[in-house]
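Shown next, in structure tokens, is the structure this report addresses.
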2 protein chains.
Amino acid sequence: MKEKEDIGKSESTEQKIKEAARKVFTSKGYAATRTRDIAEESGFNLALINYYFRSKEKLFEIIMLDNLQLFMGSIIGILDEPATSLEEKVDLLVTYYVDMLIVNPGIPVFILNLVNNNPEALKEKLDRASLVANSVFVKQFQDLMKKKGMNIHPLHLFMNIISLTVFPFAAAPLIKAKNGIDDEGYKQLMLERKKLIPVWIKTMMMV
Amino acid sequence: MKEKEDIGKSESTEQKIKEAARKVFTSKGYAATRTRDIAEESGFNLALINYYFRSKEKLFEIIMLDNLQLFMGSIIGILDEPATSLEEKVDLLVTYYVDMLIVNPGIPVFILNLVNNNPEALKEKLDRASLVANSVFVKQFQDLMKKKGMNIHPLHLFMNIISLTVFPFAAAPLIKAKNGIDDEGYKQLMLERKKLIPVWIKTMMMV
DNA sequence: ACTGATGTTAATCATTTGATTAAATCAATT
DNA sequence: AATTGATTTAATCAAATGATTAACATCAGT
């Protein structure tokens, strides 16, 4: 039969095209990438990308799901784990994002574009999990708030963690340019933040 | 090619086209907007946008400069003011951004795209001011650090303020969708943050 | 070697899209 | 009313772009 899902198959070409697509789509977004860009980046002919993937849109969908998984896939697992403390969860979140974004710096802007221009396309992709609202993470934070006699919306805590961690990657080119910092220097700043952000979060929200 | 720079001329139409362009460019970005979109949004014919502005690119440049001004124009003035204290500067920054972004929620993603896809186009626009590095703001923070016996890079302070303030606007559609919050509810959250962020910043960085 | 399936390419098509042109309309001035 | 210049439009062009086609190449199984 056909069976393309077999074993080694043509891993090579299809994978190379997908890699090229990932690179171009992630850095330039859907509208600005030409299928010819992907062809060139992959080193193959234009028609090949339509041979393996049916269309530009289909190929984009695949890359989009990959990137979504990268950006949101690990959150639920961390937030809903009963065995870790609130502080450990903060550490895990920040560590995951910093390490992942150092390797994939284009993800934040890609996701933000997606979210702002394709709100309906996202709905189906992420409505299955209530995520933050009913998580162990939120319960732990609410317990802490009660104990401390404070009253901060859990969403603020979550927003603060993600903001402090993700935004500096999204704005990296601007901050680097205006402060004359090179790639390596900026990476060091981000690694510094990996240690600092959990401390800051604890200081600011948990007294 | 006569004198179009004359007097009152047709304020109306030109301004309407610019408004339409601002709206479409800001929400969809350069590549995804068709000049026909702008024509439709403005209610005028396609050819009009080329009659008033020479080309799509020229028109975009104008909108881009407006948005850049909106996003960065007020920072220097705040950071370099000798008459305000460090804490007052934090208040002013957060207040400016929250109020401005409630009215212009599309600005952050627009700027982030610009910065990530047109790094060279930005260079000339913002190299004239060292901005953060030599500002009164940084000096005041360094004085504080010395007094407290601490040692945090001033860039972290600046990043933290902007991250906490701006990111929740960039990610708004995602956060709203996942938490079932409507526009008005989200606006209230942001107004809450306007008060909270300065408190948090002081707590986390100034002990 | 032959055959058929799979992989790859150059050439081409149809549509979209930024831009131009020429004509029509309008407003102010004579 | 006629003239003139500014504004606005419909029609069209040329280039870019996503997709298709048809021919060619490669290779596994016979």
Side-chain angles (χ1 to χ4, degrees), chain A residues 1-64 113-114 117-118 121, chain B residues 1-65 110 113-114 117-118 121:
Chain A
M1 342 258 78
K2 270 76 253 237
E3 297 310 319
K4 300 189 76 271
E5 335 301 328
D6 244 5
I7 20 170
K9 61 182 169 182
S10 69
E11 266 293 322
S12 187
T13 301
E14 187 172 350
Q15 204 53 32
K16 275 179 193 162
I17 291 176
K18 199 177 141 184
E19 261 316 292
R22 192 192 53 74
K23 190 167 171 182
V24 182
F25 274 139
T26 303
S27 89
K28 309 211 299 181
Y30 181 80
T33 78
R34 310 282 101 106
T35 48
R36 284 163 173 81
D37 298 340
I38 300 175
E40 187 180 4
E41 174 73 30
S42 72
F44 292 103
N45 188 280
L46 198 169
L48 252 278
I49 102 160
N50 283 324
Y51 173 77
Y52 282 108
F53 313 86
R54 296 253 311 151
S55 68
K56 178 189 180 185
E57 205 172 349
K58 292 273 204 327
L59 179 50
F60 180 77
E61 178 107 347
I62 293 172
I63 305 302
M64 182 192 73
N113 269 311
L114 207 61
N117 300 328
N118 262 38
Chain B
M1 47 331 233
K2 306 283 118 80
E3 299 304 317
K4 301 189 74 270
E5 335 301 331
D6 243 5
I7 19 171
K9 58 185 169 180
S10 69
E11 265 297 320
S12 185
T13 301
E14 186 172 351
Q15 204 54 32
K16 276 180 191 161
I17 291 177
K18 199 177 140 184
E19 261 316 292
R22 192 192 53 74
K23 189 167 173 182
V24 182
F25 274 139
T26 302
S27 89
K28 310 212 298 180
Y30 181 80
T33 78
R34 310 283 101 107
T35 47
R36 283 165 174 80
D37 298 340
I38 300 175
E40 187 180 3
E41 174 74 31
S42 71
F44 292 104
N45 187 279
L46 198 170
L48 252 280
I49 103 162
N50 283 321
Y51 172 78
Y52 282 108
F53 311 86
R54 295 253 310 150
S55 67
K56 178 190 179 184
E57 205 173 348
K58 291 275 204 323
L59 179 49
F60 179 77
E61 177 107 347
I62 292 172
I63 305 302
M64 183 192 73
L65 290 177
F110 179 92
N113 269 311
L114 206 62
N117 300 327
N118 261 37

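Numbered from 1 within each chain, the chains take letters A, B, ... in sequence-line order.
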For Phe25(B), does the six-membered ring have the charged nitrogen or CZ of Lys56(B) within the cation-pi criterion, i.e. under 6.0 angstrom from the centroid and within 45° of the normal? no
Nearest-0.5 Å distance, [atom1] of residue [X] to [atom2] of residue [Y]:
| X | Y | atom1 | atom2 | value |
| --- | --- | --- | --- | --- |
| Ile49(A) | Asp37(A) | CD1 | CG | 9.5 Å |
| Ile63(B) | Thr26(B) | CD1 | OG1 | 6.5 Å |
| Ile17(A) | Phe53(A) | CD1 | CZ | 6.0 Å |
| Ile38(A) | Lys23(A) | CD1 | NZ | 12.5 Å |

Measure [atom1]/[X] against [atom2]/[N] and give the value in whole Å, please.
| X | N | atom1 | atom2 | result |
| --- | --- | --- | --- | --- |
| Ile49(B) | dT7(D) | CD1 | P | 17 Å |
| Ile17(B) | dA19(C) | CD1 | P | 14 Å |
| Gln15(B) | dT8(D) | CD | P | 13 Å |
| Tyr52(A) | dT20(D) | OH | P | 17 Å |
| Leu48(A) | dT8(C) | CG | C1' | 5 Å |
| Tyr51(B) | dA24(C) | OH | C1' | 14 Å |
| Asn45(B) | dT8(D) | CG | C1' | 7 Å |
| Phe53(A) | dT20(D) | CZ | C1' | 18 Å |

Kindly give the heavy-atom pair with the smallest separation between Lys28(B) and Asn117(A), and that separation in Å. CA-OD1, 4.3 Å
Please check this pair: side chain of Ser42(A) against backbone of Ala39(A), looking for a donor-acceptor N/O pair closer than 3.5 Å. yes
Could you tell me whether the side chain of Arg34(A) and the main chain of Ala31(A) form a donor-acceptor pair under 3.5 Å? yes
Looking at Lys16(B) and Glu19(B), is there a salt bridge between them, counting it only when a charged N and a carboxylate O are closer than 4.0 Å? no
Distances for protein N/O vs nucleotides 12-19 of chain D N/O pairs under 3.5 angstrom?
| unit_1 | atom_1 | unit_2 | atom_2 | d |
| --- | --- | --- | --- | --- |
| dT17(D) | OP1 | Arg34(A) | NE | 3.4 |
| dT17(D) | OP1 | Arg34(A) | NH1 | 2.2 |
| dG18(D) | OP1 | Lys56(A) | NZ | 3.2 |
| dG18(D) | OP2 | Thr35(A) | N | 2.9 |
| dG18(D) | OP2 | Thr35(A) | OG1 | 2.9 |
| dG18(D) | N7 | Arg36(A) | NH1 | 2.9 |
| dG18(D) | O6 | Arg36(A) | NH2 | 3.4 |
| dA19(D) | OP2 | Lys56(A) | N | 2.9 |

Give me the distances for all protein-to-nucleotides 21-27 of chain D N/O pairs that come in under 3.5 Å?
none

